[in-house]
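Report on the following structure.
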Amino acid sequence: MLQVNYIRENREKVLERLSVRNFKQPELVDEIIKFDEERRQTQTSLDNLSAIANASAKQVGELMRNGKKEEAELVKAETASNKESIKKLSDELAVVELHLYNALVQLPNLPGEQVPTGSTPEENEVVSLHGEPAQLHEKALPHWELTAKYDIIDFELGTKITGAGFPVYKGKGARLQRALINFFLDRATEAGYKEMQVPLMVNEASGFGTGQLPDKEGQMYHSTVDNLYLIPTAEVPVTNLYRDVILKEDDLPIKNTAYTPCFRREAGSYGAHVRGLNRLHQFDKVELVQVVHPDKSYETLEQMSAYVQSLLQELGLHYRVLRLCGGDMGFVAAMTYDMEVWSAAQQRWLEVSSVSNFEAYQTNRLKLRYKGATGKTQLAHTLNGSALALPRIVAAILENYQTEDGIKIPEVLVKYTGFDKID
RNA sequence: GGAGGGAUGCCUGAGUGGCCGAAAGGAACAGUUUGCUAAACUGUCGUACUGGCAACGGUACCGAGGGUUCGAAUCCCUCUUCCUCCGCCA
């Protein structure tokens, strides 16, 4: 959520930045300014009336104490009409505040300066390309056939016990999952991130805090009896650890990492591109979350991007880095890098990580601030990134490392898997 | 699941209808003193909205939301959460 004051004072700039996203409802900006104007007026009137009411109440108290009962009764009588106005105004205020809020949450974050204008994935900017595509033998298979051939991931079995998109990992497949999780967590710890283990279900307030609610309600599994949501990413619980918190400037930057399963309903997405591991309802991911000083967030974004790339390099995967164009970025992001690995068997790029700077968009809603040297509280900036999401990494490893007599395990993983080949 | 007791500022903790945005102590920060450390002394020490160039004001907030009242941290209702005891249990 953008800050109203900023919108009010930078209307032109806001509109200009939104156009980078190809945002379809620029009129929302003026609506917000109008609601804000209304809100402040109502607030002022209400405050004035409340001041009068407070004064009268004080007066009554004083008169009563001095035994001047009749005069007190007189003042009491006068307050009646004021009381009605106060009630009316505070109702009005609540309404206009709700309107303002509803409009504000519909406004996406403003793209950063470097974000290219555009509305489709084709307009994303390829920042860099690393490594070489794997050279596969003639009988190379896509991963969903490899998993069946070596009996390491069973999609049908998952369908039986739960439904489509809930695979069962078996034997070396399960072991590979655990190896990757440990590898990612170890590397993150080495890079200075603190490992956290967080709940996999969150309450409504947390959903609001990171922006999944109210909009993307349909993306999350919802336990209605308890009104809890299964997390779509560790970003939600980890970032919400800092909801309603005022940090000391010295506490920054905060670097957290967490492994969690992620649950996504992904309603209505079935087809060729979501086969096998490409898109699941439940998958594993190691996430990075940082809370940083506003002056440092873009620098941090570069560092996080470099860190994620170092993982891909260690795994020996051919990958590229994209800077998403305005229209392809998530609603809350100010700038996003996507990392995509090449799937030689599917002959296409698979998104395995997304690293974003949210600037103050999340922290404004989270009320996550820090107190600077001057004693002034300011909104911190948040960033997060996947490091990494497992399924597509597994898909890429299986496909790119396949040989005619089995699948090789990347060198760095062997000490975690305890085997160097799946056959 | 049953019974009872709590939730106040960074922390401890006072406050049972007006003089309370809130005592006191501690912590922290700044200054004075000081050979150094410590101590002592003085001051600062919640958040948000809002008016004002500013000085300085107004309003709201004592777990959350409603209610009673001229007036609520204080009384009533609902919810959340913590603690103690009992029951159950990986």
Side-chain angles (χ1 to χ4, degrees), chain A residues 1-9 32-105 197-209 213 223-229 237 240-252 254 291 360 362-380:
Chain A
M1 191 162 72
L2 294 173
Q3 296 173 80
V4 197
N5 291 359
Y6 183 86
I7 298 173
R8 189 201 307 155
E9 285 156 25
I32 285 166
I33 293 173
K34 193 193 86 203
F35 284 137
D36 179 50
E37 181 65 28
E38 254 179 79
R39 180 193 122 255
R40 281 184 299 151
Q41 277 177 15
T42 313
Q43 177 80 255
T44 305
S45 312
L46 178 61
D47 285 358
N48 291 339
L49 285 183
S50 301
I52 293 169
N54 287 346
S56 308
K58 216 161 235 176
Q59 206 185 342
V60 171
E62 199 130 330
L63 290 169
M64 295 291 258
R65 223 171 310 121
N66 296 330
K68 299 177 181 168
K69 232 179 163 175
E70 284 172 24
E71 286 180 49
E73 288 304 323
L74 230 60
V75 178
K76 270 196 204 178
E78 282 169 19
T79 57
S81 70
N82 199 18
K83 217 182 161 186
E84 255 170 60
S85 312
I86 286 176
K87 173 82 180 125
K88 189 165 153 271
L89 275 178
S90 55
D91 287 350
E92 271 175 44
L93 184 64
V95 169
V96 74
E97 274 178 343
L98 185 66
H99 284 155
L100 178 61
Y101 177 81
N102 286 340
L104 268 175
V105 296
Q197 243 184 65
V198 291
L200 306 182
M201 299 186 94
V202 295
N203 57 27
E204 228 172 9
S206 296
F208 274 99
L213 297 174
S223 167
T224 49
V225 178
D226 302 294
N227 200 22
L228 294 173
Y229 295 85
N240 272 283
L241 295 173
Y242 303 96
R243 169 154 49 85
D244 284 318
V245 166
I246 301 179
L247 297 161
K248 296 195 207 71
E249 191 166 352
D250 293 346
D251 295 337
L252 303 175
I254 285 172
V291 181
Q362 284 185 328
T363 55
N364 187 34
R365 207 189 283 200
L366 289 163
K367 296 208 193 67
L368 164 50
R369 291 157 294 177
Y370 71 93
K371 194 175 283 231
T374 58
K376 212 171 127 67
T377 56
Q378 292 187 64
L379 294 174

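Below, chain A is the first sequence line, B the second, and so on; all start at residue 1.
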Check whether any side-chain nitrogen or oxygen of [X] sits under 4.0 Å from OP1 or OP2 of [N], and answer yes or no.
| X | N | result |
| --- | --- | --- |
| Lys83(A) | G71(B) | yes |
| Asn48(A) | U59(B) | no |
| Arg8(A) | U50(B) | yes |
| Lys371(A) | C45(B) | no |
| Asn54(A) | A60(B) | yes |
| Thr377(A) | A48(B) | yes |

Can you measure [X] atom [atom1] to [N] atom [atom2] for me and round it to whole angstrom units?
| X | N | atom1 | atom2 | value |
| --- | --- | --- | --- | --- |
| Gln43(A) | C49(B) | CD | P | 10 Å |
| Arg369(A) | U47(B) | CZ | C1' | 7 Å |
| Lys367(A) | C61(B) | NZ | P | 16 Å |
| Glu38(A) | C49(B) | CD | C1' | 17 Å |
| Glu97(A) | A48(B) | CD | P | 16 Å |
| Asn82(A) | G71(B) | CG | C1' | 13 Å |
| Leu368(A) | A48(B) | CG | P | 13 Å |
| Ile86(A) | C70(B) | CD1 | C1' | 11 Å |

Please measure how far the [atom1] atom in [N] lies from the corresponding atom in [M], and state the result in whole Å.
| N | M | atom1 | result |
| --- | --- | --- | --- |
| G25(B) | A14(B) | C1' | 11 Å |
| A22(B) | A72(B) | C1' | 13 Å |
| C11(B) | C45(B) | C1' | 13 Å |
| C75(B) | U16(B) | C1' | 9 Å |
| A7(B) | U59(B) | P | 28 Å |
| A60(B) | C77(B) | C1' | 23 Å |
| G1(B) | C10(B) | P | 33 Å |
| U8(B) | A73(B) | P | 16 Å |

Test your reading of the model: is there a side-chain donor-acceptor pair from [X] to the backbone of [Y], 3.5 Å cut-off?
| X | Y | answer |
| --- | --- | --- |
| Asp244(A) | Lys367(A) | no |
| Asp251(A) | Lys248(A) | yes |
| Asn203(A) | Leu228(A) | no |
| Ser206(A) | Val202(A) | no |
| Asn240(A) | Arg243(A) | no |

Just name whichever nucleotide pairs with [N], Watson-Crick or G-U, keeping both distances under 3.5 Å, else none.
| N | value |
| --- | --- |
| U12(B) | A24(B) |
| A7(B) | U80(B) |
| U34(B) | none |
| G43(B) | C29(B) |
| G87(B) | none |
| A48(B) | U59(B) |
| G18(B) | C70(B) |
| A54(B) | none |

| At under 4.0 Å between heavy atoms, what does Ile246(A) touch on the DNA or RNA strands: base, sugar-phosphate, or nothing? | sugar-phosphate
| query | Would you say Phe208(A) and Glu204(A) make side-chain contact, with heavy atoms under 4.5 Å? | reply | yes
| remark: In short, Met1(A) meets Leu104(A) closest at the heavy-atom pair CG-CB, 4.0 Å
Between [options], spot the one nearest the side chain of [X], thanks.
| X | options | value |
| --- | --- | --- |
| Asn5(A) | U50(B), G67(B), C70(B) | U50(B) |
| Arg39(A) | G67(B), U50(B), C70(B) | U50(B) |
| Ser50(A) | G18(B), U50(B), U59(B) | U59(B) |
| Lys76(A) | G51(B), G58(B), C70(B) | C70(B) |

| Toward the 5' end of RNA chain B, by each residue's nearest nucleotide, Gln59(A) or Ala53(A) |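 In this pair, the answer is Gln59(A).
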| said: Heavy-atom nearest nucleotide on RNA chain B for Ile52(A) versus Lys87(A): which residue maps closer to 5'? | reply: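 In this pair, the answer is Ile52(A).
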| Polar contact flag, side-chain donor to acceptor under 3.5 angstrom, Arg369(A)-Thr363(A) | no
